[in-house]
Number of protein chains: 2
Amino acid sequence: MKLSKTSEYALRILGFMINSEKQVFTARYLVTYLHIPDKYLRRLMTDLARNGFIKSIQGREGGYVFAKNATTIHLSEIIDAVEGMDKYTGCLLGLNNCSDDSPCSLHYAYAPIRNQVLNLLDTLTLADLKSLKIKRF
Amino acid sequence: MKLSKTSEYALRILGFMINSEKQVFTARYLVTYLHIPDKYLRRLMTDLARNGFIKSIQGREGGYVFAKNATTIHLSEIIDAVEGMDKYTGCLLGLNNCSDDSPCSLHYAYAPIRNQVLNLLDTLTLADLKSLKIKRF
DNA sequence: ATTAAATACTATCTTAAAGTAGTATTTTGC
DNA sequence: GCAAAATACTACTTTAAGATAGTATTTAAT
């Protein structure tokens, strides 16, 4: 699989938030816990807010809160928002016309496994990240 | 999964070769069939030769031939040679200390699927790409 | 009102993958 | 021996992701 670093960051941030008692999270706070480059995280937070996952509270005492219930945020939606899912749905050999009807030599061996990953990301929500029990983030 | 383009190219080239009647392949010939940038393919061929998968025959009437039996070339070896497999064995969230003992919140859901992909690539050889039947490359 | 503490914006830098260009070298056929 | 047809080598360019820097804006506490 290997997501982009930006997707990894996004999942780690939102996963961290859902597993915390806190309600409001400042960028500074997230940076100290998640070890993501400060300015990069800030830009990503703005992006996640634009995409409706979180809401930003400006000014002093501000920060970020979830904009909707975590049970409604699917992991694939997060990835799709920050880098797009297209590259993960494609052929392992990079052929753009590879399909069940016109399979590449790896298609029948690979497609079922690929679909398991896609189903997992489509099915799991941020809330699941909580109930699955986090050991560390 | 999403391999690097270079890995995709390598697999397509070697997969094309194993599925052909020909024995010797010139870069020119491969380019016309596989639509990979000419100079990029040539450099990759030299690299694959250095890694012992193919053997280059210089001079007029030259080209590339397999350097060993295709049943001994595992797909993971090819990928490992051109870009390394490390990034694919890691955690979905990019945590470097994620493991069965110290799992991230996605570990137990994701690791089994990831291992299926890794096993597939470790198990399949170029020869399998032939017997699996190629519809198109 | 002013200050402190937060986010937002804009522009730039860095790095690695991908792609391109030109020249040198090797070998066979004639 | 020489030309043709092939690979090898070296250097440069492009592109996108990732990271950084500086400034502007917003808001609450005092």
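Chain naming here is simple, since letters A, B, ... match the order of the sequence lines and numbering starts at 1 in each. What you see is a predicted model; the values in this text were computed from it and never measured.
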Length of the CG-P vector between A:Leu44 and C:dT7, whole Å: 13 Å
Six-ring centre of A:Tyr29, A:Lys22 cation under 6.0 angstrom, axis tolerance 45°: yes
B:Tyr29 side chain near D:dA5 phosphate (N/O to OP1/OP2, under 4.0 Å): no
A:Glu83 CD to D:dT15 P, straight-line distance once rounded to whole Å: 21 Å
Pair B:Ser99-B:Asp101, side-chain donor/acceptor within less than 3.5 Å: no
Euclidean distance, atom NZ of residue B:Lys55 to atom C1' of D:dA6 [Å, nearest integer]: 17 Å
Sugar-phosphate only, base, or nothing, as touched by B:Ala27 at under 4.0 Å among non-hydrogen atoms: sugar-phosphate
Nearest-Å distance for atom pair CG/C1', residues A:Leu48 and C:dA8: 15 Å
Closest to the A:Thr26 side chain, choosing from D:dT20, D:dA28, C:dT7: C:dT7
A:Ser56 side chain near C:dA8 phosphate (N/O to OP1/OP2, under 4.0 Å): yes
Heavy-atom donor-acceptor pair, B:His74 side chain to B:Thr125 backbone, under 3.5 Å: no
C:dA17 phosphate, OP1 or OP2, under 4.0 Å from B:Arg43 side-chain N/O: no
Residue mapping more 5' on DNA chain D - nearest nucleotide basis, A:Ile57 or A:Leu41: A:Leu41
Between B:Asn97 and B:Ser102, a side-chain donor and acceptor under 3.5 Å: no
Short side-chain N/O contact to C:dA18 OP1/OP2 from B:Thr6, under 4.0 Å: yes
Whole-Å gap separating C1' (C:dA16) and OH (B:Tyr40): 10 Å
Per A:Tyr64 side chain, nearest of listed nucleotides C:dA18, C:dC9, C:dT7: C:dT7
Touch class at under 4.0 angstrom, heavy-atom based, for B:Tyr9 against every strand present: sugar-phosphate
Side chain of A:Pro37 (C-beta onward), nearest among C:dA18, C:dT28, D:dA19: D:dA19
4.5 Å side-chain heavy-atom contact, B:Arg12 and A:Leu95: yes
Euclidean distance, atom CZ of residue B:Arg42 to atom C1' of C:dT23 [Å, nearest integer]: 13 Å
Side chain A:Lys39 and base D:dA19 donor-acceptor under 3.5 Å: no
Distance, rounded to the nearest Å, where A:Ile36 contributes CD1 and D:dA19 contributes P: 9 Å
D:dT7 OP1/OP2 closer than 4.0 Å to side-chain N/O of B:Thr46: no
Atom-to-atom span, CZ of B:Arg28 to P of D:dA6 - whole angstrom: 6 Å
